[in-house]
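As a basis for the values below, the full set of heavy atoms in this structure was taken, side chains included, without hydrogen atoms, waters or symmetry mates. We name chains A, B, ... by the order of the sequence lines, and we start the count at 1 in each one.
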There are 2 protein chains.
Amino acid sequence: MSDLVERLRGRGWRMTAQRRVVAEVLTGDHVHLTADEVLARATARLPEISRATVYNTLGELVSLGEVVEVTAHGRAKRYDPNAHRPHQHLVCSECGTIRDVHPGGDPLTDLPDSERFGYTVSEVEVTYRGHCPDCAGL
Amino acid sequence: MSDLVERLRGRGWRMTAQRRVVAEVLTGDHVHLTADEVLARATARLPEISRATVYNTLGELVSLGEVVEVTAHGRAKRYDPNAHRPHQHLVCSECGTIRDVHPGGDPLTDLPDSERFGYTVSEVEVTYRGHCPDCAGL
DNA sequence: TTACTTGCAAACCCTTTGCACCAGT
DNA sequence: ACTGGTGCAAAGGGTTTGCAAGTAA
């Protein structure tokens, strides 16, 4: 039984078989599944689960801060359950595979070999997210 | 006449009215247009231009390294012609508006007030892009 | 001339939605 | 019982594609 399920129950999240299965599928390190992959794995355990419910649940987990969305250019979003340990992402531009990384020094210049997982690194991108002045009050 | 058009011609890129218009629309600082916006502005100058051509041309400019794609979670990609001066992005999670920023110290902790454009900043995300071992030879 | 580019419309992928039914608490 | 979650199927936004006709070099 996953920590995540416990935590969510503690927060008063209404627990259902579908939500439990989605939460359980999203467990572990270096887990970065697309919604489709989550659906496939969830279906293996609970055949009646629907695509809509998977999307609903993923969206809620993201809002609750339990799961992080990772966007790779032009591909389906991936969902990363490792939201409580700060880390960054290393993305393959070819196949979209993602690894979690923990850069040591200046993220713009250093990604230690030990954190490259055999990837070549050709680009580093930093994105700050927040609210612009016009949207600040919303 | 834009520098970009000159540079592309110099690289042997076959020049057409459509491509010139797209390249000219993508000129300036803090320009981060969606494909749709590029189409709208291009159409204003060249009414017969098609959506497909705009997408083709944007894709080529990205491949040529003249334009950078910026992806905001769940929104249309935006195209940034400022590919030759290194910079990072500040994205409004609400409306998707983007500003170019130049962080000073450690990107993970510091975004100077002078670089915030009145935005609040709630999240910093670093993404490394490259090829995974399986895709390295492609 | 000839290979490359364009326009059109349909196809595509991923995600969201409307609504009637069902189920935790 | 009440509130909120689920499944289905259809719609939606953004992007890509196949192919015939057009055009830069």
Check your understanding: Under a 4.0 Å heavy-atom cut-off, which of residues 34-52 of chain B touch DNA chain C?
Key -> B/Glu48, B/Ile49, B/Ser50, B/Ala52

Measure from [atom1] on [X] to [atom2] on [N] and round the result to the nearest Å.
X       : N      : atom1 : atom2 : value
B/Arg78 : D/dG13 : CZ    : C1'   : 14 Å
A/Tyr55 : D/dA11 : OH    : C1'   : 14 Å
A/Gln18 : D/dC8  : CD    : P     : 11 Å
A/Glu60 : C/dT16 : CD    : C1'   : 14 Å
A/Lys77 : D/dG13 : NZ    : C1'   : 12 Å
A/His73 : D/dT16 : NE2   : P     : 13 Å
A/Leu61 : D/dG5  : CG    : C1'   : 14 Å
B/Asn56 : D/dT15 : CG    : P     : 13 Å

Pair [X]-[Y], side-chain donor/acceptor within less than 3.5 Å:
X        : Y        : result
A/Asp100 : A/His32  : yes
A/His89  : B/Glu125 : no
B/Asp80  : B/His30  : no

Check your understanding: Is any side-chain heavy atom of A/Thr53 less than 4.5 Å from a side-chain heavy atom of A/Val22?
Key -> no

**Study point:** Non-hydrogen side-chain atoms of B/Gln88 and A/Tyr128 separated by less than 4.5 Å
**Key:** yes

Give a yes or no on whether a salt bridge exists between [X] and [Y], defined as a side-chain N under 4.0 angstrom from a carboxylate O.
X       : Y       : result
A/Arg51 : A/Asp36 : yes
B/Arg45 : B/Glu24 : yes
A/Glu66 : A/Arg7  : yes

Study note, to complete from the structure: Which of D/dT15, D/dT6, C/dG7 is nearest the side chain of A/Thr53? It is D/dT6

Study note, to complete from the structure: The salt bridge (Lys or Arg N to Asp or Glu O under 4.0 Å) partners of A/Glu60 (sequence neighbours excluded) come to A/Arg19

Give me, pair by pair, the N or O atoms of the protein and of nucleotides 22-25 of chain C that are less than 3.5 Å apart, along with how far apart they are.
unit_1	atom_1	unit_2	atom_2	d
C/dG24	O3'	A/Met15	O	3.4
C/dG24	N2	A/Arg14	NH2	3.4
C/dT25	OP1	A/Met15	N	3.1

Review point. Does A/Arg19 make a side-chain N or O approach to OP1 or OP2 of D/dG5 shorter than 4.0 Å?
Key: yes

